[in-house]
Visitor: 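Structure incoming, see below.
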Amino acid sequence: MTTTNTMTTILKIEIYLLKIPYPHPFRIALASMDSAHNIVVRIHDSDGIVGIGEGCPPRFITGEAPETAFAAARLYANILVGKNPLEIETRLAELESFMLNNTAVRCAYDIALYDLLAKHANLPLYALLGGTKRVIYSNRTIGMDTSENMAATASSLVAAGARYLKIKLGNGLALDLARVRAIRYAVGPGIPFRLDANQSWDESTANSALSAMADLGVQVCEQPLAHWNEAGLKRVRERSPIPIMADETLFDTHDAFRLASNATVDYFNIKLAKCAGIHNALKINAIAEAVGIRCMLGGMSESLIGVSAGAHLLCACPNISLADLDSPFHFMEDPTFGGVDFQPDGAVTLHDAPGHGADVKPEWREKSQRVEVTA
Ligand code: MG
């Protein structure tokens with residue numbers, strides 16, 4: 001068993017831009033998406049081990065476009081090659097000090113470095129992180145549409161066994177309330193709803209909507225207001241009968257500390273693409289746990305690589321009690337394989353292969369935009 005071979009160095013990094021089509025557009029308040037564009041990195045070290053990571057850059061949240069993410073990934077690769085990949089703390093600090101932001105791209109490198117470390121230790125990632133394997137139940141997500149179509153989607157998801165529904169909102173009080181009522185009528189009582197307004201309400205709309213939805217079985221409402229409006233978010237929380245979750249307002253540890261200190265929200269939505277990966281996610285969760293804020297592990301449009309990394313992290317952090325990891329269901333075809341098993345009811349099951357266990361299918365490596373950086 002090898003754990004700390006100080007002679008280990010990064011020989012080569014493969015970078016891929018995966019364009020993953022959806023069968024039909026997925027709409028949220030911020031955008032309508034017909035495909036995902038995800039960065040995958042494969043880090044080869046001098047012991048013959050390959051660490052694999054993924055980041056999903058949504059331009060309307062992290063400010064990264066596919067083209068800029070691919071270019072940034074190449075610049076970061078130049079910083080990493082020739083160095084010891086097992087010194088994760090130092091490597092990630094070097095990436096951030098070389099070029100700020102670009103959190104989804106740095107997330108791909110973070111996951112790849114943790115995957116590599118776990119493979120050196122011959123441990124599944126959750127075990128490396130000190131966790132306990134368990135079955136995770138992700139919500140299934142309903143994109144924005146007419147009330148009737150959203151209710152029909154909800155019915156089919158519940159028929160497939162879904163235990164939790166996440167509902168995307170953002171067209172004003174009347175339509176959003178009609179949507180939630182229609183979905184509740186369609187699925188009956190017993191399935192908790194997680195709402196996500198994706199910043200689209202103003203303060204008075206949020207107050208009215210949350211009051212009106214108090215008896216509709218809503219577990220939490222994500223990001224009712226614009227990401228910058230923290231004072232408003234705190235006022236909404238104080239009046240709301242429904243717990244409030246920060247998503248786009250929460251990126252890094254500094255945001256987490258400020259939101260926790262000001263008692264702005266009840267929940268954090270931690271996404272690896274926003275916080276640049278597992279390393280910062282652990283710190284954000286620790287800040288939350290210290291003040292009694294519970295967390296969701298959410299995602300953008302990750303394939304099985306990003307979703308598996310998230311599931312392993314979740315098994316190491318009991319305070320992350322909610323899972324929103326169903327993005328592979330939006331794809332026409334998943335370009336990746338391995339990692340977690342995902343069932344239509346939202347059950348995510350981990351395996352005991354070393355690392356997170358997922359990789360890009362060979363045919364997708366062939367057909368995707370790619371570049372290699374060597375030492
Ligand atoms: Mg959200």
Side-chain angles (χ1 to χ4, degrees), residues 22 25-33 36 38 55-64 103-104 107 138-145 150 153 164-171 176 179-180 183 192-202 205-206 209-210 213 218-230 232-233 236-237 240 242-252 255-256 259 264-276 280-281 284-285 288 293-302 306-307 310 313-314 320-330 346:
Y22 295 168
F26 182 75
R27 284 179 58 218
I28 68 171
L30 296 168
S32 178
M33 295 162 279
N38 295 359
C56 176
R59 72 185 91 207
F60 46 88
I61 296 177
T62 70
E64 299 165 277
T103 51
C107 166
S138 171
N139 51 236
R140 296 294 313 274
T141 306
I142 304 168
M144 281 171 51
D145 203 333
M150 290 176 78
T153 301
Y164 306 95
L165 293 177
K166 176 161 167 170
I167 302 168
K168 290 291 192 179
L169 299 176
N171 292 109
D176 286 341
R179 284 166 164 155
V180 177
I183 296 169
F193 290 172
R194 299 165 183 172
L195 310 182
D196 190 355
N198 281 114
Q199 312 181 50
S200 62
W201 291 338
D202 60 24
T205 302
L210 292 163
M213 294 174 187
V218 179
Q219 186 180 27
V220 67
C221 178
E222 267 182 63
Q223 200 66 44
L225 306 185
H227 67 91
W228 47 264
N229 191 358
E230 290 186 31
L233 197 60
V236 167
R237 182 207 179 189
S240 175
I242 293 168
I244 301 297
M245 177 184 285
D247 183 2
E248 290 95 323
T249 300
L250 169 73
F251 270 61
D252 58 20
D255 297 331
L259 291 166
T264 308
V265 291
D266 303 281
Y267 284 87
F268 286 171
N269 188 345
I270 300 174
K271 291 178 178 170
L272 299 179
K274 288 186 301 172
C275 70
N280 283 336
I284 291 170
N285 180 58
I293 292 174
R294 282 179 291 168
C295 297
M296 168 186 269
L297 202 288
M300 305 296 181
S301 299
E302 288 82 359
V307 165
L313 172 68
L314 212 146
I320 306 179
S321 53
L322 309 182
D324 175 23
L325 297 171
D326 66 338
S327 51
F329 279 106
H330 301 153

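Note that ligands are numbered from 1 as they come in the structure, with each ligand's atoms numbered from 1 the same way. Starting from 1, each residue takes its place in the sequence as its number.
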Visitor: When rounded to the nearest 0.5 angstrom, what distance separates CG in Asp255 from SG in Cys275?
Guide: 10.5 Å

Visitor: Examine all N, O or S atoms of Asp196, backbone included, and report whether one is under 2.8 Å from the Mg ion (ligand 1).
Guide: yes

Visitor: For the Mg ion (ligand 1), give me the closest N/O/S atom belonging to Glu222, just the atom name.
Guide: OE1

Visitor: Of Thr141, Asp145, Leu195, which meets side-chain contact (heavy atoms from CB on, under 4.5 Å) against Lys168?
Guide: Thr141

Visitor: Answer yes or no: is there a donor N or O on one side and an acceptor on the other, between the side chain of Glu222 and the main chain of Met245, under 3.5 Å?
Guide: no

Visitor: Is there an N/O/S atom in Asp247 at a distance below 2.8 Å from the Mg ion (ligand 1)?
Guide: yes

Visitor: Among Thr103, Asn280, Asn269, Asp247, find the one that has a side chain to side chain donor-acceptor pair (under 3.5 Å) with Lys274.
Guide: Asp247

